[in-house]
Amino acid sequence: MLPVEQAESIILNLVQPLDGEIDQEKVEITQVAGRILAKSVVSSLDFPHWDNSAMDGYAVRYQDVADASIDNPKLLEIIEEIPAGSAPQSTIEMGQAARIFTGSCIPKGADTIVIQEETKRDGNQVKILSAPQPQAFIRHQGSYYKAGEPLLTPGIPLDAAEIAVLAAAQCTQVPVYRRLRVALLSTGDELVTPDTPLKRGQLVDSNQYALATAVRTLGAEAMELGVIPDQVNVLKKAISQAIETADIVISTGGVSVGDYDYVEEILTELGGTIHIQSVAIKPGKPLTVAKFPNCLYFGLPGNPVSALVTFWRFVQPAIKKQSGLLSQFWGPEFVKARSRQELKGGGKREIYVWGQLWLVDGEYEFQLAHGSQISGNLINLAQTTGLAVLPIGQSQINPGDTIKVLKVR
Ligand SMILES: Nc1nc2c(c(=O)[nH]1)N[C@H]1C(S)=C(S)[C@@H](COP(=O)(O)OP(=O)(O)OC[C@H]3O[C@@H](n4cnc5c(N)ncnc54)[C@H](O)[C@@H]3O)O[C@H]1N2
Ligand code: MOO
Ligand SMILES: [Mg+2]
């Protein structure tokens with residue numbers, strides 16, 4: 001059994017991120033939420049594009065109003081009104097001002113904005129009632145961003161703020177990484193689809209639904225290949241087709257020591273290199289990982305909790321890394337939390353127990369899920385938001401103790 005961290009580093013070393021040049025597609029800006037930027041975006045525009053006003057008021061020459069006060073107001077002639085969106089026509093000379101609004105261009109000659117509240121309008125004249133700071137309320141061209149500099153870095157996920165930047169930079173066809181293709185197959189003679197009336201001994205294939213959802217949540221394409229019976233030739237054909245078409249294949253079941261557990265031998269026969277056969281993790285011990293030239297294969301254990309725990313702990317970071325995300329976005333997210341209950345450890349494996357993370361006054365608390373913490377029990381796995389980690393050698397966690405928790409949602 002490999003220690004968990006060793007297994008993790010073997011897996012992440014096997015993962016090659018998609019190529020920003022080859023594995024790239026242009027996607028319309030309205031459709032890029034959740035996608036990953038594949039190429040650096042550069043704008044030919046300065047931000048702000050023009051010197052413009054941050055306030056409603058008057059554009060003035062600072063020298064004209066430097067001594068203005070309520071007792072010594074300065075009277076200026078208004079020579080132009082500049083609504084936002086229009087280009088100023090005149091140059092402000094000594095003794096003149098322009099009426100201006102938030103976002104309007106600064107006219108030539110003016111260098112300072114006096115806010116409306118510090119003025120008194122009288123026809124086409126305005127009294128300036130206090131001295132502004134020089135350059136007050138001017139948003140200078142290029143002060144946020146200079147044209148030609150990198151604007152957005154490849155490998156970032158695109159969300160509201162990034163998409164606002166893309167829109168502002170007029171990048172409407174966005175270069176994003178293609179979606180990773182992840183094939184899913186469930187092995188087991190006992191498995192049926194959810195719409196099938198159960199005969200004694202049968203079980204619904206829940207893993208496929210769980211993993212398809214988890215894969216899609218990560219922005220990858222889930223190719224659901226369904227249930228494959230425990231027959232060597234049928235399974236071999238299915239696995240062989242999957243590794244030809246997918247970037248990552250995830251199967252569940254058939255990786256333990258039973259007579260019908262064929263996955264590992266098939267992977268070897270198909271020319272895969274087995275890198276992991278078992279990991280010191282509970283649940284999830286028989287996790288099997290193999291590398292093919294163009295595909296990484298994860299044989300997850302069949303038990304529903306084992307399948308999801310190993311997905312969250314090992315497969316999720318691998319999918320994120322291969323999808324092109326920068327390293328700060330793909331690492332598993334561990335937080336410190338105070339345990340609300342006593343947790344029991346022991347044994348030769350790192351134990352992952354499931355439950356909920358709550359933020360209380362800015363600090364996490366971990367609430368263990370009620371009911372049986374056993375890898376076949378998917379019922380109390382619903383609403384899991386965290387997996388608390390009990391390291392090897394730690395037999396007990398007391399209520400109030402701080403523990404490490406893997407955030408899974
Ligand atoms: N003698 C030993 N037996 C087992 C060991 C061991 O070390 N020695 N390891 C146990 C552990 S730990 C696990 S985990 C399981 C893993 O088994 P497999 O990966 O071979 O999976 P199966 O045997 O095919 O199934 C296990 C269990 O999960 C149910 N299952 C399978 N697929 C699905 C699915 N798609 N959806 C829902 N449930 C599924 C299946 O019916 C079995 O109950 O092995 C232990 N045994
Ligand atoms: O590793 Mo198994 O997943 O303990 O039941
Ligand atoms: Mg088995």
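Just so you know, residue 1 is the first one in the sequence shown, and it goes up from there. Note that the structure is predicted; figures quoted are calculated from it, not measured. Both ligands and their constituent atoms are indexed starting at 1 by order of listing.
Here Glu244 contributes atom CD and Asn294 contributes atom CG; the two are 8.0 Å apart, rounded to the nearest 0.5 Å. Between the OG atom of Ser69 and the CG atom of Asp67 there is a distance of 8.5 Å, given to the nearest 0.5 Å. If you take CD1 on Ile113 and CE on Met55, they are separated by 10.5 Å, rounding to the nearest 0.5 Å. With values rounded to the nearest 0.5 angstrom, Asn13 atom CG is found 12.0 Å from Lys291 atom NZ. Rounding to the nearest 0.5 angstrom, the gap separating the CZ atom in Arg313 from the CG atom in Leu406 is 6.5 Å.
When atom types are taken as modelled, the side chain of Thr245 and the backbone of Gln241 share a donor-acceptor pair closer than 3.5 angstrom. When atom types are taken as modelled, the side chain of Asn398 and the backbone of Asp401 share no donor-acceptor pair closer than 3.5 angstrom. The backbone N or O of Glu93 sits less than 3.5 Å from a side-chain atom of Gln96, completing a donor-acceptor pair. With Asn207 contributing its side chain and Thr252 its backbone, the two residues share no donor-acceptor pair below 3.5 Å. The backbone N or O of Ala161 sits nowhere less than 3.5 Å from a side-chain atom of Asp159 that would complete a donor-acceptor pair. Put simply, the side chain of Ser104 never gets that close to the backbone of Ile100: no donor and acceptor are under 3.5 Å apart. The backbone N or O of Asp230 lies less than 3.5 Å from a partner atom in the side chain of Asp189, making a donor-acceptor pair.
With contacts defined as side-chain heavy-atom distances shorter than 4.5 Å, the pair Thr193/Val204 does not qualify. A heavy-atom distance below 4.5 Å is not found between the side chains of Gln231 and Tyr262. Within the 4.5 Å cutoff, side-chain heavy atoms of Leu308 are placed close to those of Leu381.
Nearest to atom 33 (C) of ligand 1 among the protein's heavy atoms is Asn207 ND2, 3.3 Å. Looking at atom 39 (C) of ligand 1, its nearest protein heavy atom turns out to be Gly302 O, 3.3 Å. What sits closest to atom 2 (C) of ligand 1 on the protein, heavy atoms only, is Val257 CG2, 3.5 Å. Residue, atom and distance of the protein heavy atom nearest to atom 18 (P) of ligand 1 are Gly254 N, 3.5 Å. With respect to atom 35 (N) of ligand 1, the closest heavy atom belonging to the protein is Asp205 OD1, 2.8 Å. With respect to atom 40 (C) of ligand 1, the closest heavy atom belonging to the protein is Glu190 OE2, 3.0 Å.
The closest non-hydrogen atom to atom 26 (C) of ligand 1, taken over Asn303, Val305, Leu378, comes from Asn303. Within the set Ala210, Ser256, Gly253, Ser206, the minimum heavy-atom distance to atom 46 (N) of ligand 1 is found for Ser256.
In terms of polar-atom proximity, Leu203 is not counted as a contact of ligand 1, lacking any N or O under 3.5 Å from an N or O of the ligand. At least one N/O-N/O distance between Asp261 and ligand 1 falls below 3.5 Å. Annotation: Gln208 places no N or O atom under 3.5 Å from an N or O atom of ligand 1; distance criterion only. Residue Pro286 has no nitrogen or oxygen atom sitting less than 3.5 Å from a nitrogen or oxygen atom of ligand 1, judged on distance alone. Not one N or O of Arg349 is nearer than 3.5 Å to an N or O of ligand 1, by distance alone. At under 3.5 Å, a nitrogen or oxygen of Val255, whether backbone or side chain, sits near a nitrogen or oxygen of ligand 1.
Residue contacts with ligand 1: Gly188 is excluded, as none of its non-hydrogen atoms falls under 4.0 Å. Heavy atoms of Pro283 stay at 4.0 angstrom or farther from ligand 1. Using a 4.0 Å heavy-atom cutoff, Val204 is listed among the residues neighbouring ligand 1.
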Pair Glu80-Arg99, salt bridge (charged side-chain N to carboxylate O under 4.0 Å, His left out): steps then yes or no: CA-CA 6 Å; Glu80 188 178 352; Arg99 178 73 171 123; over 6 Å; no
Show the numbers, then the answer: is there a side chain to side chain donor-acceptor pair (under 3.5 Å) between Ser251 and Tyr297? CA-CA 8 Å; Ser251 65; Tyr297 191 101; 2.6 Å; yes
Glu350 and Lys282: CA distance, side-chain angles, deciding distance, salt bridge (charged side-chain N to carboxylate O under 4.0 Å, His left out) verdict: CA-CA 6 Å; Glu350 192 167 287; Lys282 183 180 179 177; over 6 Å; no
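The residues lining ligand 2, counting any heavy atom closer than 4.0 Å, are Pro283, Gly284, Lys285, Pro286, Asn303, Ser306, Arg349, Ser375.
The ring-ring contact (aromatic ring centres under 6.0 Å, His included) analysis of residues 332-364, with sequence neighbours excluded, yields no pairs.
Close contacts of ligand 1 with Ser186, meaning ligand atoms under 4.0 Å from a residue heavy atom, involve 35 (N). Interface atoms of ligand 1 facing Lys285, defined by a heavy-atom separation under 4.0 Å, are 6 (C), 7 (O).
With a 4.0 Å cut-off on non-hydrogen atoms, Thr252 touches ligand 1 through its side chain and not its backbone. Contact annotation for Ser306 and ligand 1: only side-chain heavy atoms (C-beta onward) come within less than 4.0 Å of the ligand.
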Can you give me every donor-acceptor pair (side chain of residues 35-49, partner residue at least two apart or in another chain, under 3.5 Å) with its distance?
residue : atom : partner : partner atom : Å
Arg35   : NH2  : Glu25   : OE2          : 2.5
Arg35   : NH2  : Tyr177  : O            : 2.9
Ser43   : OG   : Leu45   : N            : 3.0
Asp46   : OD1  : Ala147  : N            : 2.9
Asp46   : OD2  : Gln141  : NE2          : 2.9
His49   : ND1  : Asp46   : O            : 2.6

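Excluding water, every protein N/O/S atom under 2.8 Å from the Mg ion (ligand 3) is given here by residue and atom: Asp261 OD1, Asp261 OD2.
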